[in-house]
Number of protein chains: 2
Amino acid sequence: MAITATPEPGGDASDQTPWLTPDEKDAWTGLVSLVLLLPGRLEAPLQQAAGLTLFEYLTLSHMSEAPERRLRMSELAYLANGSLSRLSNVVKRFEQRGWVERFPDPVDGRYTIAALTDTGYGVVVAAAPTHVRSVRQFVLDPLSAADQRALTRIAAKLRVRPSDLSQGMTGPQ
Amino acid sequence: MAITATPEPGGDASDQTPWLTPDEKDAWTGLVSLVLLLPGRLEAPLQQAAGLTLFEYLTLSHMSEAPERRLRMSELAYLANGSLSRLSNVVKRFEQRGWVERFPDPVDGRYTIAALTDTGYGVVVAAAPTHVRSVRQFVLDPLSAADQRALTRIAAKLRVRPSDLSQGMTGPQ
DNA sequence: CGCGAAGGCTTCATGCGTGAAGTCATGCGT
DNA sequence: ACGCATGACTTCACGCATGAAGCCTTCGCG
């Protein structure tokens with residue numbers, strides 16, 4: 001793959017960086033493929049059927065499941081795995097299409113609440129089957145039950161809270 | 001997560017779509033987090049240290065390991081997990097910085113060869129330690145040896161057969 | 001009270017990715 | 001030979017993500 005497995009000519013013996021072993025390289029290469037290739041594959045059906053990004057779908061979808069179909073922007077951003085800035089842009093577009101309404105949280109005016117309209121709810125319901133189908137096709141069907149459990153476990157270990165990012169840390173396990 | 005686990009009100013019993021079970025939902029949710037969150041995490045160090053995207057790094061890196069440090073564009077695109085269009089844009093920028101040279105393949109003028117210059121090679125060598133360090137920190141260190149093997153296996157199963165999705169490519173592996 | 005800090009959110013400029021259309025070289029059929 | 005089909009790129013217009021800077025609300029403290 002890269003300058004990942006062998007000390008290249010040019011980096012001499014004083015090099016402190018531990019290079020990757022073949023096994024590590026395989027794991028990393030595999031993960032890179034997933035991370036670079038899967039989004040496009042999973043978005044294509046959603047794009048075609050509903051004109052939605054994966055991130056947009058997740059956004060609408062989380063709102064549709066929340067109590068009263070509404071969430072604070074910051075929580076929604078976390079749930080949908082995106083930055084607040086990204087979410088803000090997305091929700092603005094949704095608002096212009098009449099899928100979502102935004103207003104300050106009556107409890108604490110610093111928060112903004114995003115609420116799914118009936119129209120917006122209709123959009124998710126219409127898009128959901130397409131989404132589920134592609135998830136099955138590209139992710140679940142190729143994996144055994146053991147694989148799925150392993151995937152869940154691995155993802156949990158690799159999922160890092162933004163708050164933990166600042167400090168270089170030695171995570172558990 | 002989404003309209004993924006329970007038939008929502010509004011979709012009645014005539015619904016043909018099989019919804020996701022809780023275990024499937026967990027696996028899917030985990031994978032989504034990886035796929036949406038990891039790229040940013042892994043790119044930040046590269047960006048800061050070398051001004052490179054993950055995809056850009058992979059591009060340079062693959063060239064640096066190829067015989068004579070040169071590859072056909074189409075093969076490079078496959079290796080780096082990107083579209084030909086995306087690669088073309090990236091390589092154009094590299095060419096403007098003097099990191100890469102492009103010329104038609106003497107063997108078959110339809111192909112274009114991208115060749116890494118010495119300057120370009122220096123860039124990869126300088127960026128590699130940063131990259132390896134973040135791969136360890138965010139991916140390898142949190143995982144046990146068994147996890148790493150599982151990840152390799154899962155990624156191999158999910159790697160999409162290009163034949164199913166129309167994509168020009170060269171040899172496998 | 002009032003001032004300033006903290007935090008949630010929005011905005012804006014910049015740059016990148018995408019997909020469709022265009023270019024160019026080669027091979028194939030007639 | 002000619003012309004069309006094929007395949008490998010390249011370009012362009014559009015839209016989105018990013019991150020820094022700014023806005024607004026609340027809270028803490030004097």
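Values below: all heavy atoms of this structure, side chains included; hydrogens, waters and symmetry mates excluded. All chains are named by letter (A, B, ...) in the order of the sequence lines, taking the proteins before the strands, and each is independently numbered beginning at 1.
Distance alone, capped at 3.5 Å, places no donor-acceptor pair between the A/Ser88 side chain and the A/Ser85 backbone.
Both B/Thr53 and A/Ile113 lie close to DNA chain C; mapped to their nearest nucleotides by heavy-atom distance, the more 5′-ward contact belongs to A/Ile113. Mapped onto DNA chain D by nearest heavy atom, A/Ser85 and A/Gly109 fall at different nucleotides, with A/Ser85 at the one closer to the 5' end. The residue among A/Lys92 and A/Arg110 whose nearest nucleotide of DNA chain C lies closer to the 5′ end is A/Arg110. Toward the 5′ end of DNA chain D lies the nearest nucleotide of B/Gly40, the other residue of the pair A/Asp105 and B/Gly40 mapping further downstream.
Residue B/Asp108 is in sugar-phosphate contact alone, with no base atom involved, counting any heavy-atom pair closer than 4.0 Å across all strands shown. Note on B/Ser88: a base of the nucleic acid sits closer than 4.0 angstrom, heavy atoms only. Using a 4.0 Å heavy-atom distance criterion, A/Thr112 is classed as a sugar-phosphate-only contact.
When distances are taken from the side chain of B/Arg86 to each of D/dT18, C/dC9, C/dG17, the shortest belongs to C/dG17.
Here B/Arg136 pairs with A/Glu24 in a salt bridge; the nearest charged N to carboxylate O distance falls below 4.0 Å.
For A/Ser74 against C/dG8, no side-chain N or O and base N or O form a donor-acceptor pair under 3.5 Å.
A donor-acceptor pair shorter than 3.5 Å cannot be found between the side chains of A/Asp26 and A/Thr29.
A cation-pi arrangement is absent between B/Arg102 and B/Tyr111, since the terminal nitrogen or guanidinium carbon is not both under 6.0 Å from the aromatic centre and inside a 45° cone about the axis.
In this structure, A/Arg102 reaches the C/dT10 phosphate: one of its side-chain N or O atoms is under 4.0 Å from OP1 or OP2.
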